[in-house]
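Note on naming: letters A, B, ... go to the chains in the order of the sequence lines (proteins, then strands), and numbering restarts at 1 for each one.
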Protein chains: 2
Amino acid sequence: MAPSQRVEQMNKELRKGHFLAEKDRFCAYCVVRGTSFCGMVPNEDMAQLSSQSRPLTLDRRRTLFHQGDETQSIYVVTSGTLRLYQMLADGRRQVVGFAIPGDLLGFPLADHNDYSADALDSVYLCQFPRQEFMQFLNQRAHLLGALLTVTHDELNRTREQLALISQKNAERKMAQFLLSFRGRQMRMDEEISVLPVRIPQADIADFLGLTIETVNRMLARFTREKIIAITDTGVELLNLIRLHMLAEA
Amino acid sequence: MAPSQRVEQMNKELRKGHFLAEKDRFCAYCVVRGTSFCGMVPNEDMAQLSSQSRPLTLDRRRTLFHQGDETQSIYVVTSGTLRLYQMLADGRRQVVGFAIPGDLLGFPLADHNDYSADALDSVYLCQFPRQEFMQFLNQRAHLLGALLTVTHDELNRTREQLALISQKNAERKMAQFLLSFRGRQMRMDEEISVLPVRIPQADIADFLGLTIETVNRMLARFTREKIIAITDTGVELLNLIRLHMLAEA
DNA sequence: CGTTTATTTGAGACAACTCAAGTTGCGTGG
DNA sequence: CCACGCAACTTGAGTTGTCTCAAATAAACG
């Protein structure tokens, strides 16, 4: 069964509440087990980790947490996509990333959230109350190393975005964005050439540091040149070679 | 005695090798003790930490380590400034930050350096061989928390740079850069209005995502309007109020 | 003192921005 | 089922700020 199908089935079962009774099995068979922080937790600690988690659903447009609010829980995304953003002093909004299945949201050692997070589609999450999670971490010091690795990965992703946004060419920005977003999706499914989310163009603009109009014109051009195709479920990358050329040239 | 004077004296003594004989005292009285990772190490662990450290000098223009090379040591800056940068696929250089006294360089859990680092002036560092440092960390799990905090701080600084670079206005970029650089210096000395380094304009350009010419024109304008003054030892901020206005307007 | 490296200044091109007006899609309530 | 309002997307025309290219000057270095 392909990963995406497994995700769908897991989510169905999740909705029906099948896993609530045996939470340790829930984690052990979780679709994002291999790609998330949870995956670094050794099997013997799994039961305890499971017992702390709580499944959570978030509808499109709903906010999971706000920048600056007290960190009460941390989350692992199991399905769907969220946008992560900061409001800047001058009223502009900087989208700092998009969270996809397997991503960890919220930093347990910080008292306040570094960014806001809201759902771009229906999102399923695994919630861990911060206090319990911290205790769990402190009991098993080796898990701090796992958290450190995840944090370091995020640091490197942020540096990547920095390199992306410092590009002066809108066409290249857009091409690199599409490719790097695909790269992250491939963590779960190697074969993917369809990005399974409709990210509002305004969010792409605030991510890349462009205006909505420029983003729109670029997407229109790519579509006209048959490099991508925009459907109502997401973006299909039709010509990866062209896209790579545009990203590097 | 003002912090900056203490730094100078410490460095003098460091140069004379006074502290080499009693390394634990070296750390205990270190100028950056209060502002660095070391500051989070409890007193009882200090002696061991000290015994692993080795003072190091780096001349202007010398490279401390290269991006991609194996991580052999990690460092704490005690004096001077370094530029940290990545070379991008298209040949461009992205300056990801400037390291000042108190900063930790190198991530012990990564096998390879994420960026290159070289000295902008005479730099004094405290070197910790990675292997020993890792063992030290593993013995005292609570120190992983300290490392995590430092890493998270760096993540937030990188997000700040992201917000900075996504500005479309060169004037504002420059003003924000000067102010944020001052903010970091103030960690050691509250009163500072002189940035004590001559950062090459090319480095500022690669940090802000501008061209050298634009950086030069902005600095020239700020100088003409008596907002800053450039001396051969650094940049003096003459009109902080104006600078704040330019940064926000 | 010649050579390299860094800074300064000007003129012109162009890509992305701003502003303005329209279109499309979608959910809600009559 | 249609009308309405809102949000997201689309397109055009004109402006502008930064880049590019080019060249001169000033500093740093052996």
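Nearest-nucleotide mapping onto DNA chain D: of A:Asn216 and B:Arg217, the residue sitting toward the 5' end is A:Asn216. Position along DNA chain D of the nearest nucleotide to B:Leu210 versus B:Arg61 favours B:Leu210 as the more 5'-ward residue. Map B:Ile230 and A:Ala170 each onto its nearest nucleotide of DNA chain C; the residue landing nearer the 5' end is B:Ile230. For the pair A:Val215 and B:Leu219, nearest-nucleotide mapping onto DNA chain C gives the more 5' position to B:Leu219.
If you take CD of A:Glu171 and P of C:dC17, they are 14 Å apart, rounded to a whole angstrom. Atom pair A:Ile212:CD1 and C:dA16:P shows a separation of 16 Å (rounding to whole Å applied). One can place CZ of B:Arg221 at 15 Å from C1' of C:dT8, the figure rounded to the nearest angstrom. Put simply, CD1 on B:Ile204 is 11 Å from P on C:dT8, counting in whole angstrom units. Put simply, CG on B:Asp232 is 13 Å from P on D:dC29, counting in whole angstrom units. Separating the CG atom of A:Leu208 from the P atom of C:dA16 is a distance of 12 Å, rounded to the nearest angstrom. The interatomic distance linking A:Phe222 (CZ) with D:dT10 (P) rounds to 14 Å, in whole Å. Here the P atom of nucleotide D:dT18 and the CE atom of B:Met174 are 11 Å apart, to the nearest Å.
Between A:Thr214 and the phosphate of C:dA16, there is no side-chain N or O to OP1/OP2 separation shorter than 4.0 Å. The phosphate of C:dC17 has OP1 or OP2 within less than 4.0 Å of a side-chain N or O from B:Lys168.
Classified by interplanar angle (parallel below 30°, tilted 30° to 60°, perpendicular above 60°), the ring pair A:Phe177/A:Phe207 is tilted. Taking the six-membered ring where tryptophan is involved, the planes of B:His152 and A:Phe107 are essentially parallel, since the angle between them stays under 30° and well short of 60°.
Donor-acceptor pairing under 3.5 Å, judged by distance alone, is present between the side chain of B:Glu213 and the base of D:dC21.
Comparing D:dT18, C:dA16, C:dT8 by their closest approach to the side chain of B:Gln201 singles out C:dT8. For B:Thr211, taking side-chain heavy atoms from C-beta onward, the closest of the listed nucleotides D:dC19, C:dA16, C:dT7 is D:dC19.
Salt bridge annotation for B:Asp121-B:Arg60: absent, with no cationic side-chain nitrogen under 4.0 angstrom from a carboxylate oxygen. With respect to A:Asp203 and A:Arg198, no salt bridge is recorded, no charged nitrogen being found less than 4.0 Å from a carboxylate O.
When each of B:Gln94, B:Gln161, B:Glu154 is tested with A:Arg159 by the rule side-chain hydrogen bond (donor to acceptor under 3.5 Å, both in side chains), just one qualifies, namely B:Glu154.
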